[in-house]
Amino acid sequence: MAKNFTSREDNYSQWYNELVIKADLAENSAVRGCMVIKPYGYSIWENMQSALDKMFKDTGHTNAYFPLFIPKSFLSREADHVEGFAKECAVVTHYRLKSDPDGKGVIVDPEAKLEEELIVRPTSETIIWDTYKNWIQSYRDLPLLINQWANVVRWEMRTRLFLRTAEFLWQEGHTAHSTEEEAMEEAIRMLNVYSDFAENFMALPVVKGIKTASERFAGAVETFCIEGLMQDGRALQAGTSHFLGQNFAKAFDVKFLNKNNEQEYVWATSWGVSTRLIGALIMTHSDDHGLVLPPKLAPIQVAIIPIFRNEEELEKINEKILPIIAQLKKLNISVKYDDRDTQKPGWKFNEYEFKGVPVRLAIGPRDLDSNSIEVARRDLLTKEIVPLDNITEHIEKLLVDIQNTLYKKALDYRTENTVDVYTWEEFVAQIEKGGFVNAHWDGTDETEEKIKQETKATIRCIPLNNKLENGKCVLTGKPSKQRVLFARAY
RNA sequence: CGGGGUAUGGCGCAGUCCGGCUAGCGCACCUGCUUUGGGAGCAGGGGGCCGCAGGUUCGAAUCCUGCUACCCCGACCA
């Protein structure tokens with residue numbers, strides 16, 4: 001275990017903060033609320049990007065890029081949208097600096113005021129729909145299926161590395177369709193892409209659902225989400241997909257001629273996931289020994305540590321291990337062979353353990369004698385001695401097993417921490433304990449708000465394919481037809 | 001944005017209340033020797049204008065004012 005590392009039980013949020021820093025994922029920057037994503041953390045993001053990008057391409061999308069700056073007037077075109085984002089926008093007002101007449105550095109040149117101020121994008125719907133207007137004339141231009149990888153800025157009051165920063169990286173898909181049904185299908189399709197990604201790559205079980213009106217994206221008709229449960233019992237929204245109806249088409253006058261030669265507004269979706277997923281990844285699997293990464297997203301899947309006293313011993317180890325490394329690489333397994341003589345083996349063990357490398361191999365004179373190798377797995381912290389003959393197959397299977405074990409563990413945790421409650425007393429007690437709480441709700445904004453005020457719990461979502469059952473609202477006792485998912489959330 | 005806390009070599013801290021000689025400790029770093037299967041040992045060494053900007057004073061890490069950043073709790077939010 002790392003020296004001076006806070007345990008989860010001791011102080012969960014401190015554990016998280018220290019982990020991000022000490023595992024070399026990211027650090028705070030000179031700019032308030034903005035983070036530096038360090039190489040190891042960025043590698044995780046790259047792995048997420050490449051998996052997601054492939055899934056987007058496989059579902060017919062292509063990438064494009066739209067500007068960082070949005071004319072201020074664009075934002076106000078869609079009433080709900082501006083309402084939702086106005087309070088957290090960075091604004092560019094000038095385009096030039098000049099030397100300070102007092103001789104100290106530079107000042108904003110008051111002469112260089114922009115005619116129309118520019119907003120740093122908090123999301124790109126407005127600039128994109130203003131652009132789509134020119135791209136879409138006919139039903140033959142539809143559907144338009146575009147994604148962009150970008151940074152966005154939301155001027156948050158309180159920030160935490162990865163979970164909430166003023167600037168973050170994400171992807172945002174923006175699609176246009178000729179029918180409502182098709183747009184709705186698209187929103188659901190991408191929600192499914194996100195849940196597949198979360199479960200199969202991040203080993204994070206998620207609940208797919210619909211947001212209530214108060215949690216809905218500003219400007220959307222319907223917001224779908226995937227919700228995960230973190231180890232401290234708090235929920236985290238890991239991705240959203242919006243059915244935008246014709247809201248943006250109307251705001252930006254995007255019409256197409258249908259087959260009957262009639263003008264119609266197009267139907268839209270948008271969907272996104274961000275670097276927040278890295279926060280979710282950390283909080284789902286990591287432990288008091290440091291980071292635990294699922295093999296499919298780990299920058300280093302296998303760390304190999306030779307144990308040697310001198311050059312000759314290292315040579316002998318190399319003879320055995322280098323061909324194995326080559327084989328592993330051929331299998332697309334990412335390997336780090338740490339043969340530095342500047343750090344001791346014990347130091348390296350701790351290092352890779354803390355950084356969450358799924359599999360660690362150690363090979364020294366003893367192993368050479370017995371033609372075997374020590375294999376340690378990060379998820380269970382177990383070690384075994386394995387014969388060198390079929391070692392690559394063994395590792396290949398081990399990586400799959402670790403991926404599955406992590407998912408299973410996270411799923412078991414969620415199952416154990418998801419409960420149905422019937423009374424207000426149970427509800428309050430359960431929310432206090434943490435986890436997902438299934439409860440009846442009368443469907444009103446007022447009740448939702450009251451529950452939030454009383455317990456800090458929010459409705460995370462109305463799960464898709466929810467089973468209908470008659471019941472009474474946990475707060476008001478009014479009739480309800482289904483349970484909704486409550487939790488305290490990030 | 002409101003309340004509370006913190007800021008001293010790369011990291012973690014002491015010193016600050018009660019101003020005073022050269023600002024100290026652990027880790028990390030450098031050199032050498034011995035070591036190497038879970039964060040090695042010994043010896044020697046380098047690195048600080050004490051967050052920033054003003055002020056008080058013969059003299060400021062220490063007192064005063066302003067600012068900035070980070071952490072915790074609220075409000076807001078992916």
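Within every chain, numbering begins at 1; the chains are lettered A, B, ... in the order of the sequence lines, protein sequences first and strands thereafter.
Within the nucleic acid shown, Tyr490(A) has no heavy atom closer than 4.0 Å to any nucleic acid atom. Among the atoms of the strands shown, none is found under 4.0 Å from any heavy atom of Gly279(A). No contact: Asn310(A) has no heavy atom under 4.0 Å from any strand. Contact annotation for Leu163(A): base contact, defined as any heavy-atom pair under 4.0 Å involving a base atom. Residue Thr165(A) is in base contact, counting any heavy-atom pair closer than 4.0 Å across all strands shown. Using a 4.0 Å heavy-atom cutoff across all strands shown, Gln14(A) reaches no nucleic acid atom at all.
Taking only side-chain atoms of Lys344(A), from C-beta outward, the nucleotide of rC70(B), rC76(B), rG37(B) with the closest atom is rG37(B). Side-chain atoms of Asp367(A) lie closest to rG37(B) of the nucleotides rC70(B), rC1(B), rG37(B). The side chain of Glu374(A) has rG37(B) as its nearest neighbour among rG38(B), rG37(B), rG39(B). Each of rC72(B), rG37(B), rC70(B) was ranked by its minimum atom distance to the side chain of Ser13(A); first place goes to rC72(B).
Remark: the Glu353(A) side chain and the rG38(B) base include a donor-acceptor N/O pair separated by less than 3.5 Å. The base of rG37(B) does not come close enough to the side chain of Arg309(A) for any donor and acceptor atom to sit less than 3.5 Å apart. Contact of Lys383(A) with rG37(B) (side chain to base): no donor-acceptor pair of N or O atoms is detected under 3.5 Å.
Distance check on atom P: rC73(B) versus rG59(B) gives 44 Å, rounded to whole Å.
Searching all strands for a Watson-Crick or G-U wobble partner of rG2(B) with both distances below 3.5 Å returns rC73(B). Across all strands shown, rU22(B) forms no Watson-Crick or G-U wobble pair with both distances under 3.5 Å. Searching all strands for a Watson-Crick or G-U wobble partner of rC49(B) with both distances below 3.5 Å returns nothing. For rA7(B), the paired nucleotide is rU68(B), the pair qualifying as Watson-Crick or G-U wobble because both relevant distances are below 3.5 Å. With a 3.5 Å ceiling on both atom-pair distances, the Watson-Crick or G-U wobble partner of rG44(B) is rC30(B).
No donor-acceptor contact under 3.5 angstrom links the side chains of Gln171(A) and His61(A), judged on distance only.
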Candidate pair Phe224(A) and Trp271(A), rule side-chain contact (heavy atoms from CB on, under 4.5 Å), full reasoning: CA-CA 9 Å; Phe224(A) 301 94; Trp271(A) 26 275; over 6 Å; no
Intermediate values then yes/no, side-chain contact (heavy atoms from CB on, under 4.5 Å), Ile373(A) and Ile385(A): CA-CA 6 Å; Ile373(A) 194 164; Ile385(A) 303 295; over 6 Å; no
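With rounding to whole Å, Arg366(A) atom CZ is found 12 Å from rU36(B) atom P.
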